[in-house]
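This report refers to the structure that appears directly beneath it.
All values below come from the heavy atoms of this structure, side chains included, with hydrogens, waters and symmetry mates left out. Each chain gets a letter, A, B and so on, in the order its sequence line appears, and its residues count up from 1.
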Amino acid sequence: MFAAPGAYDRAITVFSPDGRLFQVEYAMELVNRGATILAIRCSEGVVLGAEETVDPLEETEYSWKIFRIDDHVGAAIVGLSSDARILIDQARVMAQSNKLTYDEPIDVEVVTKRICDIKQLYTQHAGVRPFGVSMVFAGVDKTGGRVFGTHPSGTYRGYKARAEGAGRETVFNILKEEYKEDKSLKETTKLAVKCLAKALEARQLSPRIKVAVVSTETKKMEMLSDEEIDGILKELGVGK
Amino acid sequence: MFAAPGAYDRAITVFSPDGRLFQVEYAMELVNRGATILAIRCSEGVVLGAEETVDPLEETEYSWKIFRIDDHVGAAIVGLSSDARILIDQARVMAQSNKLTYDEPIDVEVVTKRICDIKQLYTQHAGVRPFGVSMVFAGVDKTGGRVFGTHPSGTYRGYKARAEGAGRETVFNILKEEYKEDKSLKETTKLAVKCLAKALEARQLSPRIKVAVVSTETKKMEMLSDEEIDGILKELGVGK
Amino acid sequence: MFAAPGAYDRAITVFSPDGRLFQVEYAMELVNRGATILAIRCSEGVVLGAEETVDPLEETEYSWKIFRIDDHVGAAIVGLSSDARILIDQARVMAQSNKLTYDEPIDVEVVTKRICDIKQLYTQHAGVRPFGVSMVFAGVDKTGGRVFGTHPSGTYRGYKARAEGAGRETVFNILKEEYKEDKSLKETTKLAVKCLAKALEARQLSPRIKVAVVSTETKKMEMLSDEEIDGILKELGVGK
Amino acid sequence: MFAAPGAYDRAITVFSPDGRLFQVEYAMELVNRGATILAIRCSEGVVLGAEETVDPLEETEYSWKIFRIDDHVGAAIVGLSSDARILIDQARVMAQSNKLTYDEPIDVEVVTKRICDIKQLYTQHAGVRPFGVSMVFAGVDKTGGRVFGTHPSGTYRGYKARAEGAGRETVFNILKEEYKEDKSLKETTKLAVKCLAKALEARQLSPRIKVAVVSTETKKMEMLSDEEIDGILKELGVGK
Amino acid sequence: MFAAPGAYDRAITVFSPDGRLFQVEYAMELVNRGATILAIRCSEGVVLGAEETVDPLEETEYSWKIFRIDDHVGAAIVGLSSDARILIDQARVMAQSNKLTYDEPIDVEVVTKRICDIKQLYTQHAGVRPFGVSMVFAGVDKTGGRVFGTHPSGTYRGYKARAEGAGRETVFNILKEEYKEDKSLKETTKLAVKCLAKALEARQLSPRIKVAVVSTETKKMEMLSDEEIDGILKELGVGK
Amino acid sequence: MFAAPGAYDRAITVFSPDGRLFQVEYAMELVNRGATILAIRCSEGVVLGAEETVDPLEETEYSWKIFRIDDHVGAAIVGLSSDARILIDQARVMAQSNKLTYDEPIDVEVVTKRICDIKQLYTQHAGVRPFGVSMVFAGVDKTGGRVFGTHPSGTYRGYKARAEGAGRETVFNILKEEYKEDKSLKETTKLAVKCLAKALEARQLSPRIKVAVVSTETKKMEMLSDEEIDGILKELGVGK
Amino acid sequence: MFAAPGAYDRAITVFSPDGRLFQVEYAMELVNRGATILAIRCSEGVVLGAEETVDPLEETEYSWKIFRIDDHVGAAIVGLSSDARILIDQARVMAQSNKLTYDEPIDVEVVTKRICDIKQLYTQHAGVRPFGVSMVFAGVDKTGGRVFGTHPSGTYRGYKARAEGAGRETVFNILKEEYKEDKSLKETTKLAVKCLAKALEARQLSPRIKVAVVSTETKKMEMLSDEEIDGILKELGVGK
């Protein structure tokens with residue numbers, strides 16, 4: 001009775017007869033095929049993690065999946081990294097501007113919401129396409145540790161733990177079993193590494209993992225060194 | 001004699017031969033499939049209610065269906081939550097601006113009408129799509145308790161009680177039987193919870209319900225705690 | 001020899017080979033299917049009337065079909081009520097602005113013409129659709145009682161009596177027989193109620209009727225109460 | 001060898017292979033089907049005339065076909081009356097502005113040319129459609145009586161006598177026989193009425209005719225009363 | 001191998017596979033079907049000529065084919081006269097502006113080039129169509145008599161003699177035989193009239209001819225009276 | 001496997017699946033069919049040459065293929081001459097502006113690059129078409145004699161000698177044999193004339209050739225007279 | 001189940017059902033067919049290299065593949081050279097502006113990122129096409145030698161060594177074997193020349209190679225002379 005998807009999926013300004021926005025769904029498809037990212041909140045802080053595939057001739061010192069927004073808040077991204085960079089830049093400007101205007105670090109939800117407002121704009125007006133990226137914001141603000149998952153549509157929600165990308169189901173299943181809010185930051189970091197290693201294992205890939213943490217005490221985001229991560233992997237007995 | 005819907009449903013600037021705006025109807029289809037929301041007015045105030053489905057790893061403290069616009073007025077939304085957020089933000093700015101300009105809280109109808117003027121704009125000009133969201137505004141102003149239902153087209157009307165979303169018919173049938181304008185706010189809250197629980201039951205879902213009330217006395221919107229709602233459910237003998 | 005309507009009816013900027021604007025005609029189709037409205041002028045003033053269908057849980061105190069533009073002039077609308085609201089708002093602003101600038105109430109024709117200029121704009125420029133609404137303006141100004149009927153194309157004409165919407169033919173037939181310019185305002189009100197009741201009856205609907213009058217004496221628009229209308233219906237022996 | 005009209009007639013910015021602008025031709029088709037208008041110049045002044053069809057419940061005091069632009073110049077219109085109104089308004093503003101700037105009444109050709117410049121604009125730029133109206137401007141300026149016929153394309157020419165609309169051929173045939181430049185204004189008025197009455201007769205319609213004159217002496221446009229026109233019709237022995 | 005014209009001829013912004021701009025060619029087609037115009041330069045000045053067809057009820061005192069740009073320069077046009085008028089107006093403004101700025105009459109080539117720059121703009125940007133008109137500019141400036149032919153594409157070239165429109169080949173053949181640069185202005189005028197009369201004759205039309213001359217002595221454009229042209233026709237023994 | 005050219009060749013903003021821009025290629029096709037132009041650099045200066053076809057009634061004193069940009073630099077063009085004129089004008093303004101700002105003549109590469117930047121703009125943004133013209137810039141600046149060939153895409157390169165248009169291969173073959181950087185300007189001029197004469201001969205056309213030279217000594221562009229060119233042709237024993 | 005590529009590949013604002021941006025992929029196709037470029041970092045600096053094909057009549061002193069951005073940073077480009085030039089110009093302005101604002105040379109990553117931000121813009125907004133070019137930025141800044149590869153999508157990453165274009169796989173295979181970070185700049189230059197020569201050899205082309213180096217000591221980009229490159233080729237025993 002209704003026309004095929006093809007008839008309603010060329011523009012972000014067109015609903016399908018059953019009320020779907022196909023261009024947003026196609027952007028989500030891109031995200032779902034990307035390398036897994038995750039964020040986990042515990043009582044002592046938050047952990048951000050990401051798989052990263054690296055070309056043999058690539059410099060290993062850069063992280064293209066986890067970004068610092070401000071001292072106390074970071075983001076992991078999955079999807080088009082050029083699209084993500086535009087939003088990361090916006091988020092950084094918002095964080096600096098908030099500090100200058102109110103003399104206090106921006107709330108994790110505030111920066112998430114503003115980025116998602118930009119994303120929404122790109123789903124309702126002609127002449128653009130949605131941002132092909134999902135981002136997980138995680139940080140510590142005056143309300144404690146916070147994790148927010150976002151969607152190409154501009155929707156966001158607050159999570160205890162959130163994973164996106166190709167390995168999201170593997171991660172989700174591990175987290176449902178093992179996540180405990182009152183674990184230490186160290187234990188939570190270990191859980192994050194395990195999730196990512198298992199997600200890679202499930203797709204028969206060898207792990208290359210990036211992890212960052214923000215503790216409620218320091219409120220400073222810190223990237224773990226490759227050695228620290230290798231140590232955890234060895235402890236867990238997975239990968240390599 | 002007339003062409004098929006498909007020929008007139010790609011743009012908000014095109015009427016079909018029988019004078020319909022298909023893009024608005026498709027947006028309404030999206031709304032009709034969303035989680036049920038409702039608002040009920042009684043002589044002692046207004047009640048806003050919504051079903052909320054929650055991911056096991058989601059934070060439970062947030063409400064993504066019921067929003068405070070100002071102390072004395074709230075809104076429940078159904079449809080695209082990112083679209084709704086844009087309108088909620090606009091409504092909050094209008095409420096604050098009204099307070100600053102006229103030194104009194106904004107009338108519930110005024111904020112409803114202005115939001116619907118924005119919605120109308122998105123149904124008549126090219127290069128956008130309609131907002132994929134219905135909102136019910138409810139609050140207490142100098143004219144007493146007020147409930148307004150709105151539509152993606154920008155139409156709104158005043159109601160004693162209004163439900164939108166997948167369970168709207170179940171709710172409507174209960175309300176036709178049991179709604180009484182002179183019930184107490186407490187009784188009306190119980191009725192709201194019952195409506196939502198039954199709407200979920202009818203679709204064989206277990207209830208997770210959010211409720212907010214504004215009493216004519218305090219003119220302050222207050223969210224009920226999950227415990228209070230569980231108490232009511234137990235009293236009613238439904239759900240869990 | 002000429003292409004089918006379908007080839008010329010997707011944009012307001014395209015004439016068909018025989019010089020028609022299909023989008024305007026489709027908007028008129030929407031108007032022709034709407035609930036009946038009317039306005040009648042007599043020597044003592046003008047009467048505005050409209051059928052209104054009301055949801056059982058709707059507030060009955062509002063009128064969504066008849067609007068006050070200024071003290072001395074009102075309008076009845078049929079078609080998309082969200083479209084109409086935008087034009088009603090514009091008309092109110094024009095009336096206030098006229099009062100401020102010239103220190104006298106706006107002429108009924110002036111406000112009609114300016115609204116129709118806006119409507120015309122939406123029939124000649126790309127990127128919009130016509131306003132899906134017909135409005136009848138009625139009021140009392142320095143030239144006496146005035147009634148103007150308007151069309152989605154932006155055309156308007158002056159009438160002694162005018163009806164639009166689904167029951168327009170029923171009303172027209174009654175008016176041709178019974179309209180007299182020198183009837184009293186009371187008699188004319190009765191005629192308006194009769195027209196609407198018969199129009200509803202013809203479509204086998206029970207009447208819910210709204211009526212407003214502006215007398216040449218007071219130059220103030222007044223809505224009749226539901227009781228007053230019920231009284232007239234009883235007198236006429238129609239409906240309920 | 002060439003594609004069908006249908007391939008080149010959706011936009012005003014596209015020439016057909018044989019160099020035609022179909023949208024302008026379709027607008028002309030609309031004009032050719034409209035009620036007849038005419039203007040005649042004689043040594044004593046100019047006469048404007050138009051058929052007008054009137055709804056039984058319409059006010060008869062208005063003229064929707066003949067408009068005063070300024071004291072000394074008027075215009076008769078055929079086609080979309082809402083389109084015409086926009087141009088009439090522009091013409092009035094030009095006339096007033098000319099009076100303020102140069103302290104003399106605007107030349108009939110000047111106002112004609114400026115209106116036609118607007119019309120031309122709507123035949124060469126995307127996103128609009130041509131004005132669906134032909135206008136005949138007639139008046140008395142410092143060069144004497146003047147009549148200009150205009151076309152939806154923006155073309156205009158000076159005429160001794162000009163007719164447009166459904167009855168243009170009937171009128172043209174009478175004028176070719178009976179037009180004399182040195183007839184009195186009274187005789188010319190009679191000729192105008194005869195033309196319109198015959199044009200209506202030819203289409204088996206009963207006459208309702210509006211006529212306005214500008215004499216070279218007074219340079220004031222005056223509408224004839226319905227009684228005056230009925231008198232002439234009686235004299236001519238046509239109609240009613 | 002290549003697609004049909006139809007695939008590349010709807011927009012001025014699209015080259016065909018063989019590098020043609022069809023919309024410009026279609027505009028030229030319109031020009032080629034129009035009434036013949038010409039301009040001839042001789043040592044004593046320049047002559048502009050045009051066929052003009054006149055409606056029996058048209059005023060004969062106007063020229064719609066030959067226009068004065070400034071005292072010393074005129075233009076003959078063929079194609080859409082409303083398009084031409086826009087360019088003529090621009091040319092007049094340029095001429096006046098040049099006089100004010102440099103205190104000397106504008107060069108014929110300068111005004112030609114600027115008009116052609118406008119024409120070019122309408123062949124390279126979307127949302128417009130080319131000007132459907134060819135113009136021949138002729139006049140006397142400090143470099144002597146000058147004739148420039150222009151094309152809808154915005155191309156122009158300098159000519160001794162130039163003809164455009166339906167009779168251009170007839171005229172061209174006469175000119176190739178009879179044109180001599182050192183003929184007197186009077187002889188050249190006669191040649192111009194002969195060319196136009198023969199061009200009309202070849203299409204079995206009776207001549208109505210307009211001619212204007214600018215002599216190098218006076219540098220003033222003067223229109224010949226109809227009597228003067230009739231005299232020349234009689235002398236030539238052609239037409240009437 | 002890939003769609004036909006026709007699917008990707010209507011807009012400058014669309015790459016074909018194999019990464020081609022068809023609209024640029026079609027513009028190049030237009031250039032390749034145009035009259036041959038060339039420029040040759042030698043140690044004593046540069047030579048610009050072009051074929052020019054002339055209508056029998058055309059003025060012969062103008063050059064429509066070779067243009068002076070500034071005293072020390074010229075350009076030869078092939079393709080749409082109206083498009084070329086726009087760029088030539090831009091180049092002249094750049095040259096004058098450079099002189100005013102830096103008090104020295106503009107470098108040949110600088111003016112080439114800026115014109116090519118404009119060309120590039122017209123190959124990447126919607127709503128325009130590429131400039132349908134190739135230009136060869138040649139001149140003498142502080143780095144000596146310089147020749148730059150440009151392409152509708154906005155690409156340019158530095159050449160010792162460059163030919164474009166229908167005869168480019170004939171010219172190329174002669175140049176490969178006979179070009180020597182250390183020839184005198186006179187010998188190089190002769191070579192240029194020979195190339196053009198042979199290119200015309202190859203297409204069985206009789207030569208009409210325009211040539212301009214800029215010597216490193218004078219740094220002034222000078223057009224050769226028709227007599228000088230005829231002299232060279234006689235010397236070469238080609239043509240006429 | 002999904003539509004063919006053809007249905008989603010005409011605009012940069014449309015995702016395909018599997019989340020791909022075909023226009024970006026087609027631009028990459030253009031890049032992949034271009035002449036090979038590379039950049040290699042060693043402890044003593046960076047080397048930029050490119051194949052260049054040269055027309056026999058072209059000036060050999062210019063480089064159209066390797067550009068100086070600032071003293072300490074260069075870029076090699078592959079794809080549309082007119083597109084590249086626009087970005088190179090932007091990069092140069094950024095470098096100068098950075099020097100003026102902060103009084104220090106711009107970081108290699110900063111200039112890379114800003115150029116990629118421009119590229120991203122051209123992949124998300126309608127009315128443009130992506131830049132059809134990949135660039136490798138290489139230079140020495142306060143963090144040492146840096147090489148960044150960029151993509152038409154606006155993505156960039158940091159590399160030890162990077163090759164793009166038709167020979168990228170040949171180069172990649174050599175680099176995987178022979179690249180050592182601690183080689184001298186001289187040895188690395190030799191490696192670069194070898195890679196390019198082998199890439200040309202693999203496609204049976206004779207080498208013409210351009211190379212530039214920036215040493216960490218001087219921080220000055222220097223182009224190798226053709227003689228130096230010929231010397232290296234002779235040493236390597238490849239090519240000519």
**Request:** Please state whether the side chain, the backbone, both or neither of Lys113(E) comes within less than 4.5 Å of a heavy atom of chain F.
**Result:** both
**Message:** Heavy-atom count check: over 12 atoms from other residues, nucleotides or ligands less than 6.0 Å from Glu104(E) CD?
**Reply:** yes
**Request:** For Ser81(F) and Arg157(E), test the side chains for any donor-to-acceptor distance below 3.5 angstrom and give the result as yes or no.
**Result:** no
**Request:** Let me know if Glu109(E) has heavy atoms under 4.5 Å from chain F in its side chain, its backbone, both or neither.
**Result:** side chain
**Request:** Check salt bridge (charged side-chain N to carboxylate O under 4.0 Å, His left out) between Lys99(F) and all other residues, then give those that pass, not counting sequence neighbours.
**Result:** Asp70(F)
**Fill in**
residues 82-120 of chain E vs ring pair (Phe, Tyr, Trp, His ring centres under 6.0 Å), sequence neighbours excluded, gives none
**Message:** Could you check whether any side-chain N or O of Gln23(F) sits under 3.5 Å from a backbone N or O of Val14(E), counting only pairs where one atom can act as donor and the other as acceptor?
**Reply:** no
**Request:** Taking the side chain as every heavy atom from C-beta outward, state whether Arg33(F) and Asp18(E) have any atom pair closer than 4.5 Å.
**Result:** yes
**Message:** With rounding to the nearest 0.5 angstrom, report the CD1 to OG1 distance, Ile86(F) to Thr123(E).
**Reply:** 8.5 Å
**Item:** Residue among Asn32(F), Val31(F), Asp9(F), Ile12(F) with most heavy-atom pairs under 4.5 Å to chain E
**Value:** Asp9(F)
**Message:** Does any backbone or side-chain atom of Glu61(F) lie under 4.5 Å from a heavy atom of chain E? Answer side chain, backbone, both or neither.
**Reply:** side chain
**Message:** So Trp64(F) and Thr155(E), do their side chains get closer than 4.5 Å, heavy atoms only?
**Reply:** no
**Asked** Counting heavy atoms not belonging to Lys198(E), are there more than 12 under 6.0 Å from its NZ?
**Response** no
**Prompt:** Do Asp55(F) and Arg162(E) come within less than 4.5 Å of each other through their side chains, counting heavy atoms only?
**Reply:** yes
**Message:** Rounded to the nearest 0.5 Å, what separates atom CG in Leu57(F) from atom CZ in Phe172(E)?
**Reply:** 5.0 Å
**Message:** Report which part of Leu80(F) has an atom under 4.5 Å of a heavy atom belonging to chain E: side chain, backbone, both, or neither.
**Reply:** side chain
**Asked** What part of Arg20(E) is in contact with chain F, defined as an atom under 4.5 angstrom from a non-hydrogen atom: side chain, backbone, both or neither?
**Response** neither
**Separation of Ser82(F) OG from Leu121(E) CG (nearest 0.5 Å)** = 11.0 Å
**Asked** For Tyr122(F), is it the side chain, the backbone, both, or neither that has a heavy atom closer than 4.5 Å to a heavy atom of chain E?
**Response** side chain
**Non-hydrogen side-chain atoms of Tyr26(F) and Tyr8(E) separated by less than 4.5 Å** = yes
**Asked** What part of Asp89(F) is in contact with chain E, defined as an atom under 4.5 angstrom from a non-hydrogen atom: side chain, backbone, both or neither?
**Response** side chain
**Message:** Would you say that more than 12 heavy atoms from the other residues, nucleotides or ligands in this model lie under 6.0 Å from the CD of Gln96(E), or not?
**Reply:** yes
**Request:** Go through Gly158(E), Gly149(E), Gly19(E), Ala11(E) and name the one with the most non-hydrogen pairs under 4.5 angstrom from chain F.
**Result:** Gly158(E)
**Asked** Can you find a heavy atom in the side chain of Lys160(E) that is under 4.5 Å from one in the side chain of Glu59(F)?
**Response** yes
**Request:** Can you tell which part of Ser16(E) gets under 4.5 Å to a heavy atom of chain F, answering side chain, backbone, both or neither?
**Result:** backbone
**Request:** Would you check if the distance from the ring center of Phe148(E) to the ring center of Tyr62(F) is below 6.0 Å?
**Result:** yes
**Prompt:** In Å, rounded to the nearest 0.5 Å, how long is the span from CD of Glu29(F) to CZ of Phe15(E)?
**Reply:** 11.5 Å
**Asked** How about Gln124(E) and Phe131(F): do any of their side-chain heavy atoms sit closer than 4.5 Å?
**Response** yes
